Trainee: 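The structure follows.
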Amino acid sequence: DCIRDLPRARGRVDVFKRQAPPITPKEAEAKTAKDMKPYSQKIPGTRTSFGMLPIPGGEFVLGSPAGEADREADEGPQLKVKIEPFWMGKHEVTWDEYDVWSFNLDIQRRKLAGIKPTPLDKTADVVTRPTKPYTDMTFGMGHNGYPAICMTQLAAKMYCRWLSAKTGHFYRLPTEAERENACRCL
């Protein structure tokens, strides 16, 4: 999953020098947690889109109680954590989304259609992409509409970096606390 934070004046370093205005769905425009709404973002130059859901911030206890049935050793100790509100992908990133980046499908479409790259495209095009896979990375679990699986953490981070450049919004992987909180909230 990729996530997106509320914009802040402090503490955020823009990963890319903004060369074009971001492509922003109206529902994604929020200045406060109360303004946050679910939204759908189209990946520019494609027919592919993804949904984002607002996840409220707050304090919660991370981890499982020591006496919980079937508790694993890596589920503790419990910690009280505080997180800020953010948007999180409605579903896991699908192969449809991931393949646009992984196989340069956006660049190929532009070339075939004779379309010049936008300023956002030019920034996105320089993000490192993975080596072509040597085997079927779905491992028979489905492709179209199914979650993208079996990529490295670096590949997932680079996908978020590409998505940030492509849309003009900062996307990143969730922290362990953000992911657990989102699972509890939804």
Side-chain angles (χ1 to χ4, degrees), residues 1-60 62 81-102 105-107 109-110 113 115 117-125 127 143-149 151 155-186:
D1 296 323
C2 285
I3 71 169
R4 191 175 142 234
D5 300 305
L6 275 171
R8 288 188 202 6
R10 65 182 197 331
R12 168 74 62 222
V13 175
D14 207 354
V15 190
F16 305 98
K17 286 186 177 179
R18 186 147 298 149
Q19 298 182 15
I23 299 164
T24 307
K26 186 178 180 186
E27 299 84 4
E29 295 177 8
K31 300 219 186 290
T32 68
K34 289 182 182 182
D35 297 336
M36 294 174 70
K37 307 233 180 315
Y39 72 91
S40 181
Q41 173 79 56
K42 185 177 177 201
I43 297 176
T46 74
R47 293 184 184 136
T48 307
S49 63
F50 56 93
M52 300 295 283
L53 297 175
I55 307 296
E59 289 187 4
F60 76 102
L62 176 69
V81 295
K82 182 177 182 177
I83 61 170
E84 297 295 320
F86 60 95
W87 281 276
M88 187 169 202
K90 185 175 182 179
H91 304 286
E92 294 90 346
V93 172
T94 65
W95 285 113
D96 307 305
E97 299 164 50
Y98 190 78
D99 285 351
V100 173
W101 168 69
S102 180
L105 299 181
D106 54 331
I107 297 171
R109 282 188 190 106
R110 282 198 319 263
I115 299 170
T118 68
L120 288 174
D121 288 333
K122 289 177 183 178
T123 303
D125 290 352
V127 174
H143 188 273
N144 296 351
Y146 285 88
I149 59 172
M151 80 271 313
K157 286 180 178 181
M158 295 310 291
Y159 172 79
C160 289
R161 188 171 188 169
W162 170 82
L163 189 61
S164 297
K166 194 78 172 160
T167 63
H169 290 288
F170 180 72
Y171 288 94
R172 63 179 176 82
L173 297 175
T175 65
E176 180 181 3
E178 288 167 336
R179 187 164 181 80
E180 185 169 326
N181 185 54
C183 291
R184 293 173 183 216
C185 289
L186 300 175

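Bear in mind that the values here come from a model prediction, so they are computed numbers and not experimental data.
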Trainee: Keeping Thr94 on the side-chain end and Pro147 on the backbone end, is there a donor-acceptor pair under 3.5 Å?
Mentor: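 Not confirmed, Thr94 side chain does not pair with Pro147 backbone.
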
Trainee: For Asp99 and His143, run side-chain contact (heavy atoms from CB on, under 4.5 Å): C-alpha distance rounded to whole Å, both residues' side-chain angles, the deciding distance at 0.1 Å, then the answer.
Mentor: CA-CA 10 Å; Asp99 285 351; His143 188 273; 2.6 Å; yes

Trainee: Where do Pro25 and Ser40 come nearest, in terms of heavy atoms and distance?
Mentor: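 Smallest heavy-atom distance, with atoms named: CG-O, 3.2 Å.
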
Trainee: Would Tyr159 and Val127 count as a side-chain contact (heavy atoms from CB on, under 4.5 Å) here? Give the steps.
Mentor: CA-CA 9 Å; Tyr159 172 79; Val127 174; over 6 Å; no

Trainee: Quick one: closest heavy-atom pair of Met36 and Pro54, and the distance?
Mentor: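 Shortest heavy-atom separation between Met36 and Pro54 comes out as CB-CB, 3.7 Å.
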
Trainee: Grab the two heavy atoms, one from Glu176 and one from Leu62, that are nearest each other, plus how far apart they are.
Mentor: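 That closest heavy-atom pairing would be O-CD1, 4.3 Å.
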
Trainee: Got a sec, which residues hit side-chain hydrogen bond (donor to acceptor under 3.5 Å, both in side chains) with Thr48, two or more places apart in sequence or on another chain?
Mentor: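 Applying side-chain hydrogen bond (donor to acceptor under 3.5 Å, both in side chains) to Thr48 gives none.
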
Trainee: Please report the closest heavy-atom contact between Leu173 and Cys160, naming both atoms and the distance.
Mentor: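 Nearest heavy atoms, Leu173 then Cys160: CD2-SG, 3.8 Å.
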
Trainee: Just so I know, are the side chains of Lys90 and Pro38 near enough to count as touching, which here means a heavy-atom distance under 4.5 Å?
Mentor: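 They are not in contact (no side-chain heavy atoms under 4.5 Å apart), so the answer is no.
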
Trainee: A quick test of your reading: do over 12 heavy atoms of other residues, nucleotides or ligands sit less than 6.0 Å from CZ of Arg179?
Mentor: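 Check fails, neighbour count at 12 or below.
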
Trainee: Answer yes or no: is there a side-chain heavy-atom contact under 4.5 Å between Gln41 and Trp87?
Mentor: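 Gln41 does not reach Trp87 side chain to side chain.
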
Trainee: Using the rule side-chain hydrogen bond (donor to acceptor under 3.5 Å, both in side chains), only one of Thr123, Asp125, Asp121 pairs with Lys166; which is it?
Mentor: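 Among the candidates, only Asp121 passes.
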
Trainee: Indicate yes or no for a side-chain donor-acceptor contact from Ser164 to the backbone of Tyr171 under 3.5 Å, with no hydrogens or angles considered.
Mentor: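 Yes, because the side chain of Ser164 sits within donor-acceptor range (under 3.5 Å) of the backbone of Tyr171.
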
Trainee: Should we count CD of Glu59 as having more than 12 external heavy atoms under 6.0 Å?
Mentor: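 Atom CD in Glu59 is crowded, with more than 12 foreign heavy atoms closer than 6.0 Å.
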
Trainee: Testing the basics here: between Lys42 and Ser49, what is the closest heavy-atom pair and its distance to 0.1 Å?
Mentor: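 For Lys42 and Ser49, the tightest heavy-atom pair comes out as CA-CB, 3.8 Å.
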
Trainee: Any idea how Trp101 and Tyr98 line up, ring-wise: parallel (<30°), tilted (30 to 60°), or perpendicular (>60°)?
Mentor: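 Judged by the thresholds at 30° and 60°, the geometry between Trp101 and Tyr98 is perpendicular.
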
Trainee: Mind checking whether Phe86 and Ile83 have side chains closer than 4.5 Å, heavy atoms only?
Mentor: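 A side-chain contact under 4.5 Å exists here.
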
Trainee: If you round to the nearest 0.5 Å, how far is NE2 of His91 from CD of Glu97?
Mentor: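 Reported to 0.5 Å precision, the distance equals 9.5 Å.
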
Trainee: Do His169 and Met52 have side chains that approach each other closer than 4.5 Å (heavy atoms only, starting at C-beta)?
Mentor: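 A side-chain contact is absent here, since even the closest heavy-atom pair is not under 4.5 Å.
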
Trainee: So how far is it from Lys157 NZ to Met151 CE, rounded to the nearest 0.5 Å?
Mentor: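 So the gap between those two atoms works out to 14.0 Å.
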
Trainee: Checking Asp96 side chain against Asn144 main chain: does a donor-acceptor pair fall under 3.5 Å?
Mentor: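 Here the side-chain-to-backbone pair does not exist.
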
Trainee: Looking at side-chain heavy atoms only, is the closest gap between Asn181 and Ile55 below 4.5 Å?
Mentor: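 Touching, per the 4.5 Å side-chain cut-off.
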
Trainee: To the nearest 0.5 Å, how far apart are NZ in Lys37 and CD in Glu29?
Mentor: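 Rounded to the nearest 0.5 Å, the NZ-CD separation comes out at 12.0 Å.
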
